[in-house]
Amino acid sequence: MPTEAEERWNKDGTVLRDAIIAAGYEAELTFAQDKIEQQNADIENAIVKGAKIIVIGAKDGSAVGPAVEKAREAGIKVIAYDRLIMDTDAVDYYVTFQLEKVGELEANYVIEKLGLDKGEKGPFNIEVFTGSSDDNNAKFFFKGAWELLQPYFASGVLVSPSGKVTADFTVDNWQDISIDSWKMENAQREMESRLAKYNGGETPLHAVLSPYDGISQGVINAIETSGMPWKAGTENWPWITGQDATNYALYNINMGTQGETVWKDTRVLATKVAEICVQILKGETVATDATMNNNNIEVPSVLLDSVSVTKNGASDAKDTQSVQDVVDSGYTTEDQVKPYE
Ligand code: BGC
């Protein structure tokens, strides 16, 4: 897994490892601490230890290429976990969630909250962020969102006071607004600098398209520490999106600082990957439902589904569940997400 520092990869790794062990095989879980060299070393170790399959949540989808090529030479199957491994033939399977749908859910949340679908003309101010420039997923998340939001930029209903995106911004420019390594601190710093264009809060901020809960937390921190006169839960607080249904985001949603997160049930992903591993080890056929291009080959892929999560769920927007639904599913517990009394 790419890092232990983010909540989701711990959940992913633990469920995956435990499912493989429960099926009667041996499994070892390592975290690359967001470092390319560490991940390459982890892969080389697995090769030396005689692994039959290596499952990789890539830190850097391209930089991991040479390491997986060594695995391929040693006859090991390689599964790209959640993030596609790019620019190499040495990937056997890719399992993830429908990538563009994540961005579509986030954009639709903004569209519905601002009433754009009802013909509201604004103009509304929005800040737009994309994920790490070394993660192919980040481009697709943005693509899904931008295809829905760009027309509103074109008609002048949405504007970005920081000037970071304009109507002629394209999906191919996505790395211009990337948050390196998806890190909260980097997002906070970037948002602080964008807030300089908001005249001490006199210019309103209506929405923030954030592709990940950690980035959303950085944005929230920036707003709160920069002394903006905007208060969570009131009309002058922006609608902020996110992804991963992390405990802190669900808590923030309960508190009213973050509006939405996209919930990709990582238990389903990890369980699916464990199932594929067992099929490979038993010599059975692995069923896939799509292919994803990694610049070299079409990688046989499985694409899972996700939903939006807001405080109130379905009554907020379509394709949406509530924080309580996430708790009820056993993905987290009430006490980890409840707001202060
Ligand atoms: C994953 C997201 C996650 C992000 C940051 C992406 O590759 O698909 O679920 O929020 O990385 O870890």
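Remember, predicted model here, so these are calculated numbers, not experimental data. In listed order, ligands and their atoms are each counted from 1. The first residue of the sequence shown is numbered 1, and numbering continues consecutively from there.
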| task | State whether E260 and K113 are salt-bridged, where the test is any N-O pair (Lys NZ or Arg NE/NH1/NH2 against Asp/Glu carboxylate O) under 4.0 Å. | result | no

| said: Is the shortest side-chain heavy-atom distance between K264 and D244 below 4.5 Å? | reply: yes

| query | Can you tell if the side chain of K183 reaches within under 4.5 Å of the side chain of S132, non-hydrogen atoms only? | reply | no

[atom] [closest protein heavy-atom partner, distance rounded to 0.1 Å]:
atom                    : value
atom 10 (O) of ligand 1 : D244 OD2, 2.7 Å
atom 7 (O) of ligand 1  : D135 OD2, 2.5 Å
atom 8 (O) of ligand 1  : D82 OD2, 2.6 Å
atom 11 (O) of ligand 1 : R83 NH2, 2.9 Å

With atoms numbered from 1 as shown, which atoms in ligand 1 lie under 4.0 angstrom from a non-hydrogen atom of [X]?
X    : result
R8   : 1 (C), 2 (C), 8 (O), 9 (O)
K264 : 1 (C), 2 (C), 8 (O), 9 (O)
E6   : 5 (C), 12 (O)
W9   : 11 (O), 12 (O)

| task | For ligand 1, find out whether one of its N or O atoms is nearer than 3.5 Å to an N or O atom of Y212. | result | no

| query | Between F141 and ligand 1, which residue portion shows a heavy-atom distance shorter than 4.0 Å: side chain, backbone, both, or neither? | reply | side chain

| field | Ring geometry between Y81 and W9 (parallel below 30°, tilted from 30 to 60°, perpendicular above 60°) | value | perpendicular

| query | Heavy atom of F97 under 4.0 Å from ligand 1? | reply | no

| field | More than 12 heavy atoms of other groups within 6.0 Å of K101 NZ | value | yes

| message | Pair S160, E127 - check side chain to side chain contact (heavy atoms under 4.5 Å, CB included), show working. | response | CA-CA 6 Å; S160 187; E127 291 300 330; 3.4 Å; yes

| request: May I have the step-by-step check of side chain to side chain contact (heavy atoms under 4.5 Å, CB included) for L116 and L158, ending in yes or no? | output: CA-CA 9 Å; L116 308 187; L158 288 179; 4.1 Å; yes

| query | Do we get R194 above F129's six-membered ring, with its NZ or CZ under 6.0 Å from the centre and within 45° of the axis? | reply | yes

